[in-house]
Each structure stands twice: as C-alpha cells, then as structure tokens.
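On a predicted model such as this, the values are computed, not experimentally measured, just so you know.
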Amino acid sequence: MLTGDLEAVGNKIGRQLGLDEVYSELLPADKVDKIESLEMKKSPKGKIVFVGDGINDAPVLARADIGIAMGGLGSDAAIEAADIVIMTDEPSKVASAIRIARRTQGIVYQNVVFALGIKAIFLVLGALGIASMWEAVFGDMGVALIAIFNSIRAINTKNL
C-alpha cells in the first residue's frame, strides 16, 4: 500500500487489509518512484493496480498498469488520469468491478468461440456444397442474434 497518510494510520489499515508491505507518508513523486521500483520486480504477466482519489494520486494512477479512481469525492485530476472510475467512495466496489470484468470477459470469449465455430462449420459445409448461401446467411444472422442475447447476461449484476 502506498499512502501519504501518517505511518501509524497506514500500518493500521494495512494490517486490517492483510497487506504485506505498507509505505506511508509518501509525496506524489515518492509514490511514482515506488510504483516504478515495483514495476521492475513484477512478473511479466503481473499487473500493478493503484486505487486513489486525490490530486496527489494522479501521477501514480497514470503510471500504474491499471489506475482506479474513487470518483465520489475524488479530484478531477485523479478521475482524468485513471483507467477506471468508481463513482462512489466505497473501496469494496473495486472487488465488484473485478468480478464484473471477469464475467464480461468470459461472455466475450464464449461469443467469439461460438461465432467462429459456427462460421467454420458453414464454411466447410458451403465448400462441400451441402449448405447454400442462404443457409450460411441465416446461420450468420443466427449466430449474431445468439451472441447478442448471450451478451445481455452481462447486464445482470445482481448475483455479483
């Protein structure tokens, strides 16, 4: 955790969150330096996520792989620099956003695999002379409609 708060406050919050490392009383430039040192240590597939709300967090939000701004009371600079803006000041919404993103990504992969699979089947059937052009067009439209209906599931976030 990187924070500009006093060390006692940062350590208390870090313990509550179960964090391994807490860096307190940091200025914006110090936060950027820490992010860059963490960048050197991370694995090739690793991502650095920074959550902030103030104008002091804007440089780090821009530098992190994924910057998340808390938009309820956050500064305009932080909101502008972030990749993701959560419109409330509830940190628990970060976990919800990750769950929604993973679910949406799964639905996208389902649609891509399904669409390419059906198109490949109609390509082979058309090349063998089994499927006519109209059947292929109907299959294409059917795939598009099924993908759209499948995508509507992403809207239902009640169970997340």
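Lys31 and Phe50 make their closest contact through CD-CZ, 4.3 Å (heavy atoms, listed as atom of the first residue, atom of the second, distance). Heavy atoms only, all atoms of each residue included: Asn56 and Pro28 are closest at O-CB, 3.5 Å. When all heavy atoms are compared, the tightest approach of Ala131 to Phe122 is CB-CD2, 4.2 Å. Across Ala69 and Ala78, no two heavy atoms sit closer than the pair CB-O, 3.6 Å. When all heavy atoms are compared, the tightest approach of Ala58 to Ala81 is O-CB, 3.5 Å. Nearest heavy atom pair, residue Asp65 against residue Asp83, reads O-OD2, 3.4 Å.
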**Q.** CA sep, side-chain torsions, deciding dist, call: Leu123, Lys119, side-chain contact (heavy atoms from CB on, under 4.5 Å)
**A.** CA-CA 6 Å; Leu123 180 69; Lys119 288 177 186 286; over 6 Å; no
Q: Check step by step if side-chain contact (heavy atoms from CB on, under 4.5 Å) holds for Glu39 and Lys34.
A: CA-CA 8 Å; Glu39 182 79 30; Lys34 284 292 183 190; over 6 Å; no
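No side-chain heavy atom of Met1 sits under 4.5 Å from any side-chain heavy atom of Glu21. Using a 4.5 Å cut-off on side-chain heavy atoms (C-beta onward), Ile48 and Ile35 make contact. With contacts defined as side-chain heavy-atom distances shorter than 4.5 Å, the pair Val143/Phe114 qualifies. Two residues are said to be in side-chain contact when any heavy atoms from C-beta on lie closer than 4.5 Å; Val32 and Glu36 meet this criterion. Between Thr3 and Tyr23, the closest side-chain pair of non-hydrogen atoms is not below 4.5 Å. Inter-residue side-chain proximity for Glu25 and Asp5 is flagged as unmet; no heavy-atom pair is nearer than 4.5 Å. No side-chain heavy atom of Lys93 sits less than 4.5 Å from a side-chain heavy atom of Met70.
Within a 6.0 Å sphere centred on NZ of Lys12, heavy atoms belonging to other residues, nucleotides or ligands number 12 at most. Counting non-hydrogen atoms of other residues, nucleotides and ligands closer than 6.0 Å to CD of Glu7 gives a total of 12 or fewer.
Under a hydrophobic-cluster definition in which Ile, Leu, Val, Met, Phe, Trp and Tyr are linked whenever side-chain heavy atoms come within less than 4.5 Å, directly or via other members, Ile13 and Val22 are assigned to the same cluster. Cluster membership check: Ile86 shares its hydrophobic cluster with Val51, using side-chain heavy-atom separations under 4.5 Å among Ile, Leu, Val, Met, Phe, Trp and Tyr. A continuous path of ILVMFWY side-chain contacts below 4.5 Å connects Leu128 to Ile121, so both sit in one hydrophobic cluster. Cluster annotation: Ile98 is connected to Val49 through the hydrophobic network of ILVMFWY side chains, with a link wherever side-chain heavy atoms come within less than 4.5 Å. Under the 4.5 Å side-chain heavy-atom criterion for Ile, Leu, Val, Met, Phe, Trp and Tyr, Leu2 and Val9 are members of distinct hydrophobic clusters.
Side-chain N or O atoms of Glu80 include none that pairs as donor or acceptor with a backbone N or O of Ala77 at under 3.5 Å. The backbone N or O of Asp53 lies less than 3.5 Å from a partner atom in the side chain of Asp57, making a donor-acceptor pair. A donor-acceptor pair under 3.5 Å links the side-chain atoms of Asp30 to the main chain of Leu27, judged by distance alone.
For Glu90, the salt bridge (charged side-chain N to carboxylate O under 4.0 Å, His left out) test picks out no residue, with sequence neighbours left out.
Between atom OG1 of residue Thr104 and atom CD1 of residue Ile155 there is a gap of 10.0 Å, rounded to the nearest 0.5 Å. Rounded to the nearest 0.5 angstrom, Leu61 CG and Ile68 CD1 are separated by 9.0 Å.
Under the 3.5 Å distance criterion, with hydrogens and angles disregarded, a donor-acceptor pair is assigned to the side chains of Asn111 and Ser151.
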